[in-house]
Amino acid sequence: MKIITVVGARPNFMKIAPIIKSCRTSKVIEPLIVHTGQHYDEKMSDLFFRQLNIPEPDINLEVGSGSHAAQTAEIMKAFEPVLLYYQPDAVLVVGDVNSTIACGLVAVKIGVKLMHVEAGLRSFDRTMPEEINRLLTDSISDYLFCTEQSGVDNLIDEGIPAEKIFLVGNVMIDTLLTHKARAHKSSILDRLNLNNRKFAVLTLHRPSNVDNPVVFGGILDALEIIQKDLPIIFPIHPRTSRNLTPFNLDRRLEKLPNLHLIEPLGYLDFLKIISTAKLVLTDSGGIQEETTILKVPCLTLRDNTERPVTVEIGSNRIVGTNPDKIIHAYNQVINGRLIEPQIPPLWDGRAADRIVQIIIEKHSKSETQKPKPTRHYDSYKRTLATSRNEF
Ligand code: UD1
């Protein structure tokens with residue numbers, strides 16, 4: 001069975017690594033890797049392939065940055081001929097980035113089965129680009145693999161047939177558990193001159209936080225207070241970094257001696273600093289999950305989360321972006337007023353194995369059914385050729 005797996009942006013790499021490994025171990029599924037090139041820097045992409053032992057992509061679409069429309073459209077245009085050439089049995093996409101919906105849409109239009117890993121998560125905030133990507137990808141997927149029960153419930157509420165939905169656990173946590181011991185050996189604490197649990201880690205990249213100078217400035221108001229008490233390490237995302245000068249925030253940051261801006265970190269160094277931090281402040285989705293498994297307090301600088309299990313039983317708290325609320329939540333963590341977090345069901349390091357097992361079972365069943373599902377490769381190629389001639 002041939003499957004094209006798609007990656008595009010940084011959080012995708014941690015999700016695809018265990019899936020590729022399980023496919024290869026199965027010897028039944030031949031996984032091809034298509035990198036859309038949505039993220040392309042050494043620090044945002046290549047380093048992760050090396051550290052997570054992901055094989056070189058079979059194809060890199062090298063699409064790069066752009067507006068949402070341009071980036072999504074470029075990925076679709078570049079992915080279509082790849083799909084027609086390789087003629088896979090299925091396309092597997094992960095997460096909620098533009099590469100996810102772009103490649104998913106190309107697959108279903110050609111009649112190729114679509115599998116979505118991390119399906120069903122909902123923030124119920126349609127101003128988030130990722131929420132739109134999640135809703136659309138789930139609505140066209142054939143197999144939907146969920147990390148937590150809320151994902152299953154959301155999909156059922158949206159009318160997705162139950163037989164397409166599988167609660168399998170969290171592939172991001174598979175990767176974390178695989179690499180935890182290696183990350184433990186990272187020298188990042190020495191390199192940054194940090195002591196165990198004597199610092200906080202901050203990440204920010206949501207457009208709603210960092211593309212708006214008022215919101216970004218408000219978060220800095222809170223950080224200004226917090227860094228007087230606890231040093232903050234801030235590996236800065238390219239989107240966030242790009243906005244500092246136009247928003248006049250670079251000068252403000254220079255005046256905060258304990259807020260340390262550093263380049264984006266590789267997977268192992270980052271895992272080490274979040275494992276050993278006193279707390280993490282973030283607007284990322286995946287980090288809410290990683291801190292939950294590590295039992296490190298996480299303050300999420302957003303008004304909602306699509307990962308409610310991290311709040312219900314994990315170490316996460318949704319605090320929004322109001323400076324007073326951030327400081328209040330910080331003080332609660334420092335004073336130890338958080339309940340002991342638990343590990344969500346099936347976050348045990350075996351999610352990818354479950355996914356691969358389900359794919360193999362479903363595929364062997366569909367192989368015995370006649371007639372075979374229609375894939376429109378040939379007619380589609382003809383249409384493509386005709387339309388090219390016409391235009
Ligand atoms: C994307 C995802 C987001 C994910 C995040 C992780 C979408 C809609 N958003 O957001 O869900 O959490 O990745 O990082 O898909 N850039 C570089 N080098 C790179 C990549 C990006 O400098 O390797 C800069 C470019 O200026 C680009 C900007 O970062 O314009 C934003 O990149 P983009 O892929 O558009 O979105 P992210 O904000 O990274």
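Basis for what follows: all heavy atoms, side chains included, without hydrogens, waters or symmetry-related copies. Whatever order the structure lists ligands and atoms in, that order sets their numbers, starting from 1.
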Query raised in the report: Does R302 come within less than 4.0 Å of D125, counting only side-chain N to carboxylate O?
Result: no
Report summary line: Residue set satisfying side-chain contact (heavy atoms from CB on, under 4.5 Å) with P344, at least two apart, ordered chain then number -> T292, V309, I313, W347
Which pairs of N or O atoms, one from ligand 1 and one from the protein, are separated by less than 3.5 Å, and what is the distance for each pair?
unit_1: ligand 1; atom_1: 11 (O); unit_2: E130; atom_2: OE2; d: 2.7
unit_1: ligand 1; atom_1: 12 (O); unit_2: H205; atom_2: NE2; d: 2.8
unit_1: ligand 1; atom_1: 13 (O); unit_2: H39; atom_2: NE2; d: 3.4
unit_1: ligand 1; atom_1: 14 (O); unit_2: H237; atom_2: NE2; d: 2.9
unit_1: ligand 1; atom_1: 15 (O); unit_2: Q38; atom_2: NE2; d: 2.8
unit_1: ligand 1; atom_1: 15 (O); unit_2: N98; atom_2: N; d: 2.9
unit_1: ligand 1; atom_1: 18 (N); unit_2: D41; atom_2: OD2; d: 3.0
unit_1: ligand 1; atom_1: 23 (O); unit_2: Y40; atom_2: N; d: 2.9
unit_1: ligand 1; atom_1: 23 (O); unit_2: D41; atom_2: N; d: 3.0
unit_1: ligand 1; atom_1: 26 (O); unit_2: R242; atom_2: NH1; d: 3.0
unit_1: ligand 1; atom_1: 30 (O); unit_2: R242; atom_2: NH1; d: 2.9
unit_1: ligand 1; atom_1: 34 (O); unit_2: Q38; atom_2: NE2; d: 3.1
unit_1: ligand 1; atom_1: 34 (O); unit_2: H39; atom_2: NE2; d: 3.3
unit_1: ligand 1; atom_1: 38 (O); unit_2: R239; atom_2: NE; d: 2.6
unit_1: ligand 1; atom_1: 38 (O); unit_2: R239; atom_2: NH2; d: 3.4
unit_1: ligand 1; atom_1: 39 (O); unit_2: H39; atom_2: NE2; d: 2.8
unit_1: ligand 1; atom_1: 39 (O); unit_2: H237; atom_2: NE2; d: 3.1

Requested in this report: List, by chain and then residue number, the residues other than L121 in its hydrophobic cluster (Ile/Leu/Val/Met/Phe/Trp/Tyr, side-chain heavy atoms under 4.5 Å); write none if there are no others.
Outcome: none
Report task. Kindly check if the number of other-residue, nucleotide or ligand heavy atoms within 6.0 Å of CG (N193) is above 12? Result -> no
Query raised in the report: So which residues get pulled into I156's cluster when ILVMFWY side chains under 4.5 Å apart are joined, directly or through others?
Result: L144, V152, L155, I160, I165, L167, L346
Query raised in the report: Taking NZ, NE, NH1 and NH2 as the nitrogens, is one of them in K15 or E118 under 4.0 Å from a carboxylate oxygen of the other?
Result: yes
